[in-house]
Trainee: 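Let me begin by handing over the structure; questions about it come next.
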Amino acid sequence: MALPLLPGNNFNRNMGKEKFHKSQHWGFCNNVRMLVGEDKPGIGGELLFGQKIKPKYSVFPKGMGTDSPSWVAFDKQVLSFDAYLEDEVPDKSQENYRIRRYKIYFYLEDDTVEVNEPVLQNSGLPQGIFIRRHRISLPPPNEDQFYTVHHFNVNTDIVFYGRTFKVYDCDAFTKNFLTKIGVKLNPPGQCPEDPYMKTRREKLDCMEPICPYESFDTLKQFLEYDRKVLRFFCVWDDSGSVFGDRRELILHYFLSDDTIEIKEVLPHNSGRDAMSLFLQRRKLPKYGPPGVYQPGQLTDRTVLNVYGGYSETRVYGFLLDKYQLGKLDQEFYKDTDLSIGTTINVWGRKVLLCDCDDFTKTYYRTKYGIENFTSIPCKAPSPPKIERKFPPYTGFGSEEDSLRSCIGLMPTPHQRNFKKFIEFDSYGNISNTLRFFAKLITHKCADVERMFVISYFLSDDTISVFEPIERNSGYTGGMFLKRVRVKKPGQEVFKSEFSEYIKAEELYVGAKVNVNGYLFFLVNADEYTLNYMERNSDKFPLSSIELVIQKLKEEECKSRELKQVFTAADCMHTKMVDFNTFREIMMNLTVGKLTDQEVITIARRYRVPEDPCPHRNVLVAQAHEQLKKNAFENFERLIAMCVYEDREKKKVLPSKDIKRLCKSSRLPLNEDLLGSLLSGDVKMSGLECHHLFL
């Protein structure tokens, strides 16, 4: 029973609807009112009664995954169909129709179609792109629609602009794609043979050309193997001839044109002239040297006659000898003739291939399946090395200068180790000089108390000895030995070998050094020297705390006695002893097993740390010294600025204000010294400022 059409008895069909726009159906075309939207929907995009919108593009079945647009999902995916067309030929008696083959490409990303005709040699027809890529409409009466993927199949006819193409096959990708989207493929067909082309081919097979054209196409080989070279290591044994020997060679085989180049590997000081090539790049005949040929005997073609006239630049025509009578055939080496262990003929010289590089092995393994690449030793046993002997030192100049005069006719100065000089030369506050305090070991009572400073320069291993000047000592002091390398004692003077000189590793506190007959005992060293020896403990083992501790562990039985002796020496119970007491105890208990350098290493390792903050009076003294050196006299202005900043008349300013005023007055004090004077939260009074500046 239907409800009457009264208010309250029907439903609001627009409930939940949001779009109420009207589609444009009427418009102007060439200033004429006409219907322009027959297939457009009604209000809000809803279809009118009995209206069906035809799909404009291919509709593919939904699958698993993200919904990507077709131009993303099917980018660079093309369906390829093989088709043919029967083209009528009405004006020729030789043929009534012609079979023309085409390739139909359907682009899935935008449903465009392209028809291409493969180029056929000597067809006489314009071939190539037959229909350019675009969307093709269906034949009438469906010309308002376009071809989609569902219109294509095998063994079907497709009409493009009135021409019927018969599709007989497709490629594997097309078959797989159509099967996946649910299209049932027809069995593939066959393309009929063109009767005219068949007749023409039969005639060409029966006809022998009068002037055969011989093709020598090497472009494909060049493009495929350009810059690809096989390399073999080989040897030519010429020891059988007079003054002959084994000569190492490198053979290069160029795959682009089958040419061979050979280079000779000349060892150092071989006595032979350095030649760029042993064999220039060319094709190498197998049976050479074959003899001397006249010009024109070795050619690829034999020209019988020239016809049609000639000009300066080009001959119009020529006649070739198809039987090639009198042609000289030569066999050249190919890549198949080269392998490890093979002996080739290089213009009468027997060259043995001994080894090859990795690229050559890969090439033969890939192309010919060869796996055995056992190399053959090609180097001849080296002759016994004759040691060169030099005459003994002459006594003139240094030993290096005497040696340089024996090496060449034109003596050159000795080249010192410049790298070592740059690395260990002094720069800044790094001197790279080891300084030791020493005493003379002598029986003369007057020389026992003399002190010397021995400096060892790491840049060139030289030593200088200086005696500090002491008043009323009876000695002038000054330079005792100028900077020079010092030889070790007990060496022969006139000999062929170089003399041995004192090295830095032989210097340490407690060592005895013989300097040109004077025996010195090293009693101490400066702070830089001790730090350097500890940093380089691999060269100075006596400064290695690990080795010294290991040596002390060997005296473990005396540990209790050692503890008692140190306790007795510390009568004030401060847990500290001075260095002299520490040295005497260690020397007595170890019975001379430790040297003075090792005792110093232990003492420096376990010494009481010094106060890092210097006394305030020391800092003030340093500041006065800097002010005097720079002749700073602008004190009145600086004090006036400090008084001006003290607005409250407290005669006290914060340290940051004092620092700012000093910098603005260009006070010649460095940042560290000024920061030490004004360190922490210290506030300086006016009296202190006045004392500092005056």
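Just so it is clear, the model here is predicted, and its values are computed rather than measured.
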Trainee: So do the side chains of Leu251 and Val351 get within less than 4.5 Å of each other, counting heavy atoms only?
Mentor: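 SC-SC contact between Leu251 and Val351 ruled out.
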Trainee: Please name the pair of heavy atoms, one in Leu120 and one in Met197, separated by the smallest distance, quoted to 0.1 Å.
Mentor: CD2-CE, 3.7 Å
Trainee: Could you list the residues that satisfy side chain to side chain donor-acceptor pair (under 3.5 Å) with Lys361, not counting sequence neighbours?
Mentor: none
Trainee: Measure the spacing between CZ of Phe146 and CD1 of Ile136 and express it to the nearest 0.5 Å.
Mentor: 10.5 Å
Trainee: List the atom of Ile344, the atom of Tyr333, and the distance in Å for their closest heavy-atom pair.
Mentor: CA-OH, 3.6 Å
Trainee: Please confirm whether the backbone N or O of Pro187 pairs with a side-chain atom of Asn155, one donor and one acceptor, at under 3.5 Å?
Mentor: yes
Trainee: For Thr342 and Asp337, run side-chain contact (heavy atoms from CB on, under 4.5 Å): C-alpha distance rounded to whole Å, both residues' side-chain angles, the deciding distance at 0.1 Å, then the answer.
Mentor: CA-CA 8 Å; Thr342 304; Asp337 302 322; over 6 Å; no
Trainee: Mind listing the closest non-hydrogen atom pair of Thr179 and Leu185 along with its distance?
Mentor: OG1-CD1, 3.9 Å
Trainee: Looking at side-chain heavy atoms only, is the closest gap between Trp347 and Leu284 below 4.5 Å?
Mentor: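 They are in side-chain contact.
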Trainee: Kindly indicate, with the supporting measurements, whether the criterion side-chain contact (heavy atoms from CB on, under 4.5 Å) is fulfilled by Phe373 and Thr360.
Mentor: CA-CA 10 Å; Phe373 297 100; Thr360 307; over 6 Å; no
Trainee: Is any side-chain heavy atom of Phe152 closer than 4.5 Å to one of Val167?
Mentor: no
Trainee: Decide yes or no for Leu125 and Arg98: does some side-chain heavy atom of the first lie under 4.5 Å from some side-chain heavy atom of the second?
Mentor: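 Leu125 vs Arg98: side chains touch.
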Trainee: Taking the side chain as everything from C-beta on, heavy atoms only, tell me whether Cys356 gets closer than 4.5 Å to Ile340.
Mentor: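 They are in side-chain contact.
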Trainee: Let's go through Val149 and Leu178 carefully: what are the C-alpha distance in whole Å and the side-chain angles of both, what is the deciding distance for side-chain contact (heavy atoms from CB on, under 4.5 Å) to 0.1 Å, and is it a yes or a no?
Mentor: CA-CA 8 Å; Val149 68; Leu178 293 178; 3.9 Å; yes
Trainee: Name every donor-acceptor pair, under 3.5 Å, that has one atom in a side chain of residues 69-81 and the other anywhere in the protein, sequence neighbours excluded.
Mentor:
from	atom 1	to	atom 2	distance (Å)
Ser70	OG	Glu109	O	3.2

Trainee: Give the intermediate values and the outcome of side-chain contact (heavy atoms from CB on, under 4.5 Å) for residues Glu264 and Arg247.
Mentor: CA-CA 7 Å; Glu264 184 177 4; Arg247 303 171 71 170; 2.9 Å; yes
Trainee: Between CZ of Phe232 and CG of Leu249, what distance do you get to the nearest 0.5 Å?
Mentor: 14.0 Å
Trainee: For Phe278, I'd like to know if atom CZ has over 12 heavy atoms of other residues, nucleotides or ligands within 6.0 Å.
Mentor: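 For Phe278, atom CZ is crowded (more than 12 foreign heavy atoms under 6.0 Å).
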Trainee: Testing the basics here: between Leu352 and Cys234, what is the closest heavy-atom pair and its distance to 0.1 Å?
Mentor: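 That closest heavy-atom pairing would be O-CB, 2.9 Å.
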Trainee: Any side chain to side chain donor-acceptor pair (under 3.5 Å) involving residues 365-376? Give me the pairs, sequence neighbours left out, ordered by first then second residue.
Mentor: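 As it turns out, the side chain to side chain donor-acceptor pair (under 3.5 Å) pairs with a partner in residues 365-376, which skip direct neighbours, are Asp335-Tyr368, Tyr363-Lys367, Arg365-Glu371, Asn372-Thr374.
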Trainee: Which pairs with one or both residues in residues 164-175 pass side chain to side chain donor-acceptor pair (under 3.5 Å), sequence neighbours excluded?
Mentor: Asp171-Thr174
Trainee: Is it the case that more than 12 heavy atoms not belonging to Gln190 sit under 6.0 Å from its CD atom?
Mentor: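 Counting other residues, nucleotides and ligands, CD of Gln190 stays at 12 neighbours or fewer.
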Trainee: Listed by chain and number, what are the ring-ring contact (aromatic ring centres under 6.0 Å, His included) partners of Phe233, not counting sequence neighbours?
Mentor: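 ring-ring contact (aromatic ring centres under 6.0 Å, His included) check on Phe233 returns nothing, list empty.
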Trainee: With sequence neighbours left out, write down each residue that passes side chain to side chain donor-acceptor pair (under 3.5 Å) with Lys103, or none if nothing qualifies.
Mentor: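 Lys103: side chain to side chain donor-acceptor pair (under 3.5 Å) contacts with Asp82.
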Trainee: Only pairs at least two apart or in different chains count here, so list each side chain to side chain donor-acceptor pair (under 3.5 Å) that has a residue in residues 251-261.
Mentor: Gln221-Asp258, His252-Glu261, Tyr253-Asp258, Asp257-Thr259, Asp257-Arg281, Asp258-Lys334, Thr259-Arg281
Trainee: Closer than 4.0 angstrom, basic N to acidic O: yes or no for Arg133 and Asp110?
Mentor: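 Yes.
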Trainee: Identify, with sequence neighbours excluded, every residue that meets side-chain contact (heavy atoms from CB on, under 4.5 Å) alongside Glu193.
Mentor: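 In terms of side-chain contact (heavy atoms from CB on, under 4.5 Å), with neighbours along the sequence ignored, Glu193 is linked to Lys198, Arg201.
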Trainee: Using every non-hydrogen atom in the two residues, find where Asn345 and Gly348 come nearest and quote the distance to one decimal.
Mentor: OD1-N, 2.7 Å
Trainee: Determine the sole option in Phe106, Tyr107, Phe160 for which the ring-ring contact (aromatic ring centres under 6.0 Å, His included) test with Tyr147 is passed.
Mentor: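 Testing each of Phe106, Tyr107, Phe160 against Tyr147, the sole residue satisfying ring-ring contact (aromatic ring centres under 6.0 Å, His included) is Phe160.
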Trainee: If you define the side chain from C-beta out and look only at heavy atoms, does anything of Glu143 sit under 4.5 Å from Leu138?
Mentor: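 Glu143 vs Leu138: side chains apart.
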Trainee: Would you say NZ of Lys420 has more than 12 non-hydrogen atoms from neighbouring residues, nucleotides or ligands within 6.0 angstrom?
Mentor: yes
Trainee: Going by side-chain contact (heavy atoms from CB on, under 4.5 Å), name the residues that satisfy it together with Phe243, two or more places apart in sequence or in a different chain.
Mentor: none
Trainee: Taking only residues at least two apart or on different chains, which pairs with a member in residues 228-240 satisfy side chain to side chain donor-acceptor pair (under 3.5 Å)?
Mentor: Asp237-Ser239, Asp238-Ser241
Trainee: Calculate, to the nearest 0.5 Å, the distance between atoms CD and CZ belonging to Glu46 and Phe20 respectively.
Mentor: 9.0 Å
Trainee: How far does OH of Tyr225 sit from NZ of Lys220, to the nearest 0.5 angstrom?
Mentor: 9.0 Å
Trainee: Tell me, do Arg272 and Asp245 make a side-chain contact under 4.5 Å, heavy atoms counted?
Mentor: yes
Trainee: Could you measure the distance from the CD1 atom of Ile181 to the NE2 atom of His150? Nearest 0.5 Å is fine.
Mentor: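 Here the rounded value is 5.0 Å.
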Trainee: Of all heavy-atom pairs between Asp111 and Leu108, which one has the smallest distance, and what is that distance?
Mentor: OD1-O, 4.0 Å
Trainee: Output all residues satisfying side-chain contact (heavy atoms from CB on, under 4.5 Å) with Glu117, sequence neighbours left out; order by chain, then residue number.
Mentor: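 For Glu117, the residues satisfying side-chain contact (heavy atoms from CB on, under 4.5 Å) (neighbours in sequence not counted) are Arg100, Tyr102, Gln127.
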Trainee: Does any non-hydrogen side-chain atom of Val183 lie less than 4.5 Å from one of Asn153?
Mentor: yes
Trainee: If you round to the nearest 0.5 Å, how far is CZ of Phe332 from CZ of Arg282?
Mentor: 10.5 Å
Trainee: For Tyr84, which residues count as a side chain to side chain donor-acceptor pair (under 3.5 Å) partner, sequence neighbours excluded?
Mentor: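 Testing Tyr84 for side chain to side chain donor-acceptor pair (under 3.5 Å), a comparison that skips the adjacent residues, returns none.
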